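Here is the structure we will look at, set down as structure tokens.
The chains referred to below are lettered A, B, ... by the order of the sequence lines, with proteins before strands, and numbering in each begins at 1. None of the values given here were measured: they were computed from a predicted structure.
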2 protein chains.
Amino acid sequence: MGALKFVIVPRKVSAINQVSAINLGRVSNDVKRPSGRHHGDLRRVLEEAALELVAEGGPKACTLAEVSRRAGVSVAAPYKHFADRDSLLAALVQKGYAEQRDRYVAAMKRKVEPAEQLAAFARAYVEFAAEQRPMFELTFAAGLDKTKYPELLNAGAELFEVLREPARNLRNTEAGSRDLVLAVAAAAHGLAVFVLEGVLLNVSQAKDLAASSARAIV
Amino acid sequence: MGALKFVIVPRKVSAINQVSAINLGRVSNDVKRPSGRHHGDLRRVLEEAALELVAEGGPKACTLAEVSRRAGVSVAAPYKHFADRDSLLAALVQKGYAEQRDRYVAAMKRKVEPAEQLAAFARAYVEFAAEQRPMFELTFAAGLDKTKYPELLNAGAELFEVLREPARNLRNTEAGSRDLVLAVAAAAHGLAVFVLEGVLLNVSQAKDLAASSARAIV
DNA sequence: GTCTATAGCTGGATAGAC
DNA sequence: GTCTATCCAGCTATAGAC
């Protein structure tokens with residue numbers, strides 16, 4: 001009829017936390033610490049290894065076991081830093097959101113006209129996908145259940161809000177500005193996907209297209 | 001720490017299936033062939049089961065083992081019909097492409113002006129994603145290496161060509177019409193993704209947005 | 001904080017009988 | 001064409017030592 005199975009349902013979510021804001025600044029000194037020394041930095045090392053794996057074989061190739069191997073630690077070690085595999089991915093995605101936000105804010109700051117700000121965002125979006133491919137894949141194609149990680153939903157919403165300001169200057173109604181943001185972001189997203197899928201081979205061309213689509217939609 | 005939860009894990013097979021008779025042309029006579037009878041229709045039954053699984057848990061939940069269980073056959077049976085798991089998925093994706101083509105051609109046929117044809121396509125694209133979600137997910141988020149399945153590349157290119165005609169009527173150059181197709185398709189794709197991700201909740205609204213984006217880009 | 005060791009499971013794929 | 005039986009590989013997660 002059936003079998004009884006015991007399942008641990010993690011209750012505390014907090015383990016995911018703390019991803020805060022350290023994007024670049026790789027510690028590129030060699031990772032090879034053959035055995036058990038705690039470098040204290042393992043969390044970051046794990047994140048980097050995970051990103052590498054995504055880069056090489058997509059999200060599904062990013063297993064905790066392989067991440068551990070790459071990091072040169074045992075398969076048990078990651079569990080001191082992440083509740084489980086998905087939590088590791090979620091942490092990465094959150095970092096990705098933070099970096100995206102920074103990029104978009106910076107890109108828009110260089111323009112004054114709202115329409116040009118949105119065009120700059122569209123450019124930056126495609127650029128992010130191209131330059132940070134694994135991050136992008138992780139964010140949109142890792143099959144991660146984002147509803148389980150409220151921080152991610154928040155980060156996504158925050159991203160949306162960044163675009164809301166220029167949009168409000170271009171539309172009278174709330175619904176109008178919301179639709180504008182959605183349409184521009186969707187166009188940029190679609191082109192980004194095309195670039196990653198190989199449909200569009202030339203990145204700068206894709207960026208141009210994104211910008212002109214954004215202007216057209218405005 | 002966590003909570004213990006008891007879960008009934010159905011071990012025996014067949015109780016699960018029963019779900020057939022879904023799409024078109026179903027053989028709705030009872031699927032209950034408890035043992036070894038070759039209905040000859042297994043290939044289709046497997047495809048349907050696979051699609052169901054994608055619908056329930058995304059591409060990664062679609063394993064050959066589970067597909068076999070659903071279909072009420074042994075895990076070895078599928079190998080007479082598909083070389084391996086990816087081949088099954090690829091077959092589904094190809095069916096999906098064919099259906100998409102039909103839909104887009106039909107949608108565009110109802111319009112005469114090229115711009116309206118592209119808008120109709122954009123609508124139909126979002127509609128397809130919403131109505132045939134598992135197909136759409138399979139096509140764009142199954143992590144399938146399409147370069148291993150030339151039929152898929154062809155089918156994708158064919159889809160592209162369908163849009164090329166109206167685009168040529170709107171742009172003078174080859175590059176121009178190609179970019180137009182890409183931009184319109186990208187906008188539609190982005191909105192479709194937003195719908196599936198839950199960012200955009202209202203499908204008909206998404207379709208409207210897709211159509212107006214398409215018109216704007218034109 | 002990290003290791004070793006291991007339990008437990010699931011899936012892919014094959015061989016050989018019918 | 002399908003089954004049974006089986007093998008193997010790989011991953012997740014935990015326990016307990018240091």
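Residues satisfying the side-chain contact (heavy atoms from CB on, under 4.5 Å) criterion with B:A155, sequence neighbours excluded, are B:Y97. With sequence neighbours excluded, the residues satisfying side-chain contact (heavy atoms from CB on, under 4.5 Å) with B:V199 are A:L182, B:F194, B:E197. Judged as a side chain to side chain donor-acceptor pair (under 3.5 Å), and not counting sequence neighbours, B:Q117 has no contacts.
Put simply, the side chain of B:M135 reaches to within 4.5 Å of the side chain of B:F128, judged on heavy atoms. In this structure, A:L118 and A:L180 have side chains that are in contact, with non-hydrogen atoms separated by less than 4.5 Å.
Between B:Y125 and B:F136, the ring planes are perpendicular. Angles over 60° get that label, and only those under 30° would be called parallel.
In the model, B:D179 has no side-chain atom that pairs as donor or acceptor with a side-chain atom of B:S177 under 3.5 Å.
Against DNA chain C, the stretch residues 74-82 of chain B makes heavy-atom approaches under 4.0 Å through B:V75, B:A76, B:Y79. Interface residues of residues 85-93 of chain B facing DNA chain D, ordered by number: none; criterion, heavy-atom separation under 4.0 Å. The stretch residues 59-66 of chain A touches DNA chain D through A:T63, A:L64, A:A65, each having a heavy atom under 4.0 angstrom from the strand.
More than 12 non-hydrogen atoms from other residues, nucleotides or ligands lie less than 6.0 angstrom from CD of B:E161.
Atom-to-atom, CZ of B:R69 to P of C:dT10 comes out at 8 Å; the value is rounded to the nearest Å. What separates CG of B:L46 from C1' of D:dT2 is a distance of 12 Å, to the nearest Å.
Of all the heavy atoms in A:E137 and A:G58, the pair that sits closest is OE1-CA, 3.8 Å.
The line from CG of B:D208 to CZ of B:R123 is 4.5 Å long, rounded to the nearest 0.5 Å.
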